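Since the structure is predicted, the reported quantities are computational estimates derived from the model, not experimental observations. Each residue takes its place number in the sequence, starting with 1.
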Amino acid sequence: MEARVLDSRFLGERPDALGVEGQQLAVILLNWTLPDLTPLLWSKATLRLCADGGANRLYDELPRMLPGRPADAVRAQYLPHIIKGDMDSLRPDVADFYRRHGVPIEDLSADQDSTDLQKCIEFARQQAEEQQLHLQQLTLVALGALGGRLDHTLSNLSTLYMHPDMNLVLLGDGNLARLVPAGRTVIRPDKRVEGPHCGLVPCAGGAVTTISGLRWNLHNAPMAFGGLVSTSNIMEADEIHVESDVGLVWTTCLRSSSSSNKGGSSEGGGTDGG
């Protein structure tokens, strides 16, 4: 079976830095502090979604990330294509602004069995199907997906396992997380932005894993919560090769002005954390 490739070139500064011709970027904003990369990724995205209170974050935080211009001019330039969710967080003034600028707002409060992130992911799936775009040609990035309430973060990590066929990436609070599906995977991080600290965590149960390309590699090693997990590891090679019988969560630190003092280093090393 051919190895799955997880590429982080979408983090690059060039507008076309998506790696392979035909690749597209979709971005979902969640209701937590947005990372420094937000303006770059938002401007490159062909599909821009706000999950409920994520629109508040876009309205409040993006003008501060792009100083020197009138706030409403920034807001009008960086509009979402749609705002979706159960609408328990969207402020009335924010809703009014985006409605006046032609942004549709879809109230999905009748569905309480899925999160706002999951609702937006399903919308992105539908858009890809309508455009006859193979899911492997779409990188879907959720901003503000890590940090804040632990139950929200755990839910977002669980959502990774619900979509193993998608290139779904979670960003927030100076970290990146994505699913390494069962089988063989090649990870190509953007080392200008990511690392050097990283981890591979068996969030869905015990896994037997082989890893190469890190400072502390593994060979057919059993990993599980309550046992061995690969955290506080260091990226050594440009490509990390992983083989596992169960999906794992791959995490890296992001180097940026806001995260340089949050998780940029950790005491200790090896696979059992510090």
Please determine whether a side-chain nitrogen of the Lys or Arg among R184 and E243 lies less than 4.0 Å from a carboxylate oxygen of the Asp or Glu.
no
Just by modelled atom types, is the [Y] backbone N or O under 3.5 Å from a matching donor or acceptor in the [X] side chain?
X    : Y    : result
R178 : L168 : no
K119 : S114 : yes
T210 : N220 : yes
Y161 : G247 : yes
D116 : D52  : no
N56  : V94  : no
R255 : G195 : yes
Q77  : A73  : no
R48  : L79  : yes
E61  : L34  : yes

What distance do [X] atom [atom1] and [Y] atom [atom2] have between them, rounded to the nearest 0.5 Å?
X    : Y    : atom1 : atom2 : answer
N217 : I211 : CG    : CD1   : 7.0 Å
H163 : L140 : NE2   : CG    : 8.5 Å
C253 : M235 : SG    : CE    : 8.5 Å

By side chain to side chain donor-acceptor pair (under 3.5 Å) - contacts of [X] (at least two apart):
X   : result
R99 : none
W32 : D173
R75 : D72

Is the closest side-chain heavy-atom distance between H152 and T115 below 4.5 Å?
no
Going by heavy atoms in the side chains, are S8 and R192 under 4.5 Å from each other?
no
For atom CD of E239, is the number of surrounding heavy atoms from other residues, nucleotides or ligands below 6.0 Å larger than 12?
yes
Excluding V201, membership of its hydrophobic cluster (Ile, Leu, Val, Met, Phe, Trp, Tyr; side-chain heavy atoms within less than 4.5 Å) reads F225
Which residue pairs pass the ring pair (Phe, Tyr, Trp, His ring centres under 6.0 Å) test with at least one member in residues 80-118, sequence neighbours excluded?
Y59-F97, F97-H101
Is there any ring pair (Phe, Tyr, Trp, His ring centres under 6.0 Å) pair reaching into residues 167-192, and which pairs are they, with sequence neighbours excluded?
none
